[in-house]
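A short worksheet on the structure shown next.
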Amino acid sequence: MALLITDECINCDVCEPVCPNNAIYQGEEIYEIDPDFCTECVGHFEEPQCQTVCPVDCIPLDPNHAESQDELRAKYIAIQQL
């Protein structure tokens, strides 16, 4: 399942640089996560790095992009081939 950044985001800039897939970017008002590139850090780390560094805990799972661990791993492999 991809992650998403809620409107509680304070634009502190700590999540974007820790994303190994470059899935996080500055949106119109807050940071956003591209679900096509978010693997919840599968293939890189044991836990999502953006959630680890977020000081306001505003990065939950995105219920609109449910994916299994196998699907996340397959996405990670596909991203590495880009």
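Only a predicted model underlies this, so the values are computations on that prediction, with no experimental measurement involved. Start at 1 with the first residue, then count along the sequence.
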Output yes when a side-chain donor or acceptor of Glu71 lies under 3.5 Å from a complementary backbone atom of Ser68, and no otherwise. yes
Lys75 (side chain) donor-acceptor with Phe37 (main chain) under 3.5 angstrom: no
Name every donor-acceptor pair, under 3.5 Å, that has one atom in a side chain of residues 23-30 and the other anywhere in the protein, sequence neighbours excluded.
unit_1	atom_1	unit_2	atom_2	d
Tyr25	OH	Glu32	OE1	3.0

By side-chain contact (heavy atoms from CB on, under 4.5 Å), which residues pair with Val42, not counting sequence neighbours? Thr39, Gln69, Leu72, Arg73
Kindly write out the residues that satisfy side chain to side chain donor-acceptor pair (under 3.5 Å) with Asn64, not counting sequence neighbours, or none if the list is empty. none
Mind checking whether Pro55 and Val14 have side chains closer than 4.5 Å, heavy atoms only? yes
For Tyr76, the side chain to side chain donor-acceptor pair (under 3.5 Å) test, sequence neighbours excluded, returns none
Atom CG of Leu3 and atom SG of Cys41: how far apart are they, to the nearest 0.5 Å? 8.0 Å
Sequence neighbours excluded, every pair satisfying salt bridge (Lys or Arg N to Asp or Glu O under 4.0 Å) that has a member inside residues 5-14: none
Any side-chain heavy atom of Cys9 sitting closer than 4.5 Å to one from Asn11? yes
Just verifying a value: how many Å separate Cys50 SG and Ile5 CD1, rounded to the nearest 0.5 Å? 6.5 Å
Partner set under side-chain contact (heavy atoms from CB on, under 4.5 Å) for Thr52, not counting sequence neighbours: Glu47, Gln49
Heavy atoms of other groups near Gln80 CD, more than 12 under 6.0 Å: yes
Does His65 have any side-chain contact (heavy atoms from CB on, under 4.5 Å) partners at least two apart in sequence or in another chain, and if so, which? Ala2, Pro35, Asp62
Minimum heavy-atom separation for Asp36 and Asp34, please, with both atom names. N-OD1, 2.9 Å
How many angstroms lie between atom CD1 of Ile33 and atom CG of Asn21, to the nearest 0.5 angstrom? 11.0 Å
Looking at residues at least two apart in the chain, or sitting in another chain, which of them share a side-chain contact (heavy atoms from CB on, under 4.5 Å) with Cys54? Val56, Cys58, Ile59
